[in-house]
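Just follow the structure's listing: the first ligand is 1, and inside any ligand the first atom is 1. FYI, the numbering just counts along the sequence from 1.
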Amino acid sequence: MARKIFIAGNWKMNNTVAEAAALVEGLKARAGDVGNVDVAVCPTFTTLASVVAGLAGTPIKVGAQNVHWAASGAYTGEVSAAMLKETGVDYVIIGHSERRQYFGETDETVNQRTKAALAAGLLPIVCVGETLAEREAAKTEEVVKTQTEGGLAGLTAEQAATITVAYEPVWAIGTGKTATPEMAQEVHAFLRGVLAGMFGQAVADQIRIQYGGSMKPSNAAELLAQPDIDGGLIGGASLKADDFFGIVTSA
Ligand code: PGA
């Protein structure tokens with residue numbers, strides 16, 4: 001089953017409008033190298049509109065980093081799916097471990113956000129992953145299964161086929177410690193089994209599972225060569241166009 005590789009940059013809370021414009025120039029200069037890879041960048045809310053405009057006409061798509069489940073109302077600090085859609089983004093990251101750790105994100109709120117994103121025609125990138133303590137306690141599979149089943153509960157098979165799951169071991173994020181390709185593949189294969197249990201094997205075979213956590217040009221090729229690793233969610237290395245495209249071209 002051929003799944004198209006999907007490389008997404010998670011800019012996190014980085015880049016002013018001016019800084020984003022400079023990075024967009026760098027990305028545009030490399031846009032010819034996209035090849036047969038789906039590529040997206042996920043800037044902050046304040047830079048979405050300018051990045052969408054800057055990348056228009058290139059194959060590089062844009063995503064947001066969070067979305068609220070309600071259509072509108074008294075949710076200070078939040079942004080709705082329709083508001084994101086209006087800016088021209090295609091994707092949205094949901095349930096990143098930093099949201100879970102610092103902002104009280106739960107599997108239930110991940111599920112609500114995912115459903116709202118799908119209803120608005122956005123393509124969710126739903127993040128799961130274990131902490132170091134959970135891995136050391138041999139709870140990795142239990143944790144990612146619970147997060148996946150909770151986050152994707154109630155989706156139709158048709159909806160599920162459009163989502164991306166990002167496996168991001170928390171201990172590998174921003175630490176320089178990458179899961180070995182074998183360790184990552186083991187969890188990705190397990191996750192595909194969880195997805196098959198939820199939506200059937202044919203749908204599970206369509207869902208792209210990205211790896212995230214200190215992916216960089218020097219380790220991307222061996223990770224992406226694994227049969228169940230279908231792309232990457234890139235933090236630090238997505239902030240420089242050449243590093244980001246070093247990963248894209250290794251795919
Ligand atoms: P990193 O972040 O590539 O800087 O480890 C990945 C992520 O958190 O999405």
Colleague: Is it the side chain, the backbone, both or neither of Ala172 that has a heavy atom closer than 4.0 Å to ligand 1?
Modeller: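 Within the 4.0 Å criterion, Ala172 contacts ligand 1 through backbone atoms alone.
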Colleague: If hydrophobic clusters are built from ILVMFWY residues whose side chains come within less than 4.5 Å, do Ile209 and Leu123 share one?
Modeller: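 As far as the 4.5 Å side-chain criterion goes, Leu123 and Ile209 are not connected within one cluster.
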Colleague: Side chains of Glu105 and Thr109: is there a donor and an acceptor less than 3.5 Å apart?
Modeller: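 Judged by distance alone, the side chains do pair up.
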Colleague: Determine the minimum heavy-atom distance between Lys28 and Gly54, stating which atoms define it.
Modeller: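 Where Lys28 meets Gly54 most closely, the heavy atoms are CD-O, 3.2 Å.
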Colleague: What protein heavy atom is closest to atom 7 (C) of ligand 1, reported as residue, atom name and distance in Å?
Modeller: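 Heavy-atom neighbour on the protein nearest atom 7 (C) of ligand 1: Glu168 OE2, 3.1 Å.
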Colleague: Is it true that Lys145 and Glu142 have a side-chain N and a carboxylate O under 4.0 angstrom from each other?
Modeller: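 Result for this pair is no, no salt bridge flagged.
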Colleague: Can you tell me if His96 contacts ligand 1 (heavy atom of the residue under 4.0 Å from the ligand)?
Modeller: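 His96 counts as a contact of ligand 1 under the 4.0 Å cut-off.
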Colleague: Asn66 and Leu84: which non-hydrogen atoms are nearest, and at how many Å?
Modeller: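 So the two residues come closest at O-CD1, 3.5 Å.
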Colleague: Who gets closest to atom 5 (O) of ligand 1 by heavy atom: Gly9, Ser238, Gly174, Gly235?
Modeller: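 Looking at heavy atoms only, Gly174 sits closest to atom 5 (O) of ligand 1.
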Colleague: Does any non-hydrogen side-chain atom of Asn10 lie less than 4.5 Å from one of Gln65?
Modeller: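 The answer is yes; the side chains approach within 4.5 Å.
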Colleague: With heavy atoms of Gly213 as the reference, note each atom of ligand 1 found under 4.0 Å away.
Modeller: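 Reading through ligand 1 atom by atom, the close ones are 5 (O).
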Colleague: Would Ala237 count as a contact of ligand 1 if the rule is a heavy atom under 4.0 Å away?
Modeller: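 Ala237: no contact with ligand 1 (<4.0 Å).
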Colleague: Please could you name the atoms of ligand 1 that Lys12 approaches to less than 4.0 Å, counting only its heavy atoms?
Modeller: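 Taking each heavy atom of Lys12 in turn, ligand 1 has 2 (O), 7 (C), 8 (O) under 4.0 Å.
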Colleague: When you look for heavy atoms under 4.0 Å from ligand 1, do you find them on the side chain of Ile173, its backbone, both, or neither?
Modeller: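 The answer is both, backbone and side chain.
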Colleague: Test of understanding: with salt bridge (charged side-chain N to carboxylate O under 4.0 Å, His left out), list the residues that count as partners of Glu86, not counting sequence neighbours.
Modeller: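 Counting only residues at least two positions away or on another chain, Glu86 forms no salt bridge (charged side-chain N to carboxylate O under 4.0 Å, His left out).
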Colleague: What's the shortest distance from atom 4 (O) of ligand 1 to any protein heavy atom, and which residue and atom give it?
Modeller: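 That would be Gly236 N, 2.8 Å.
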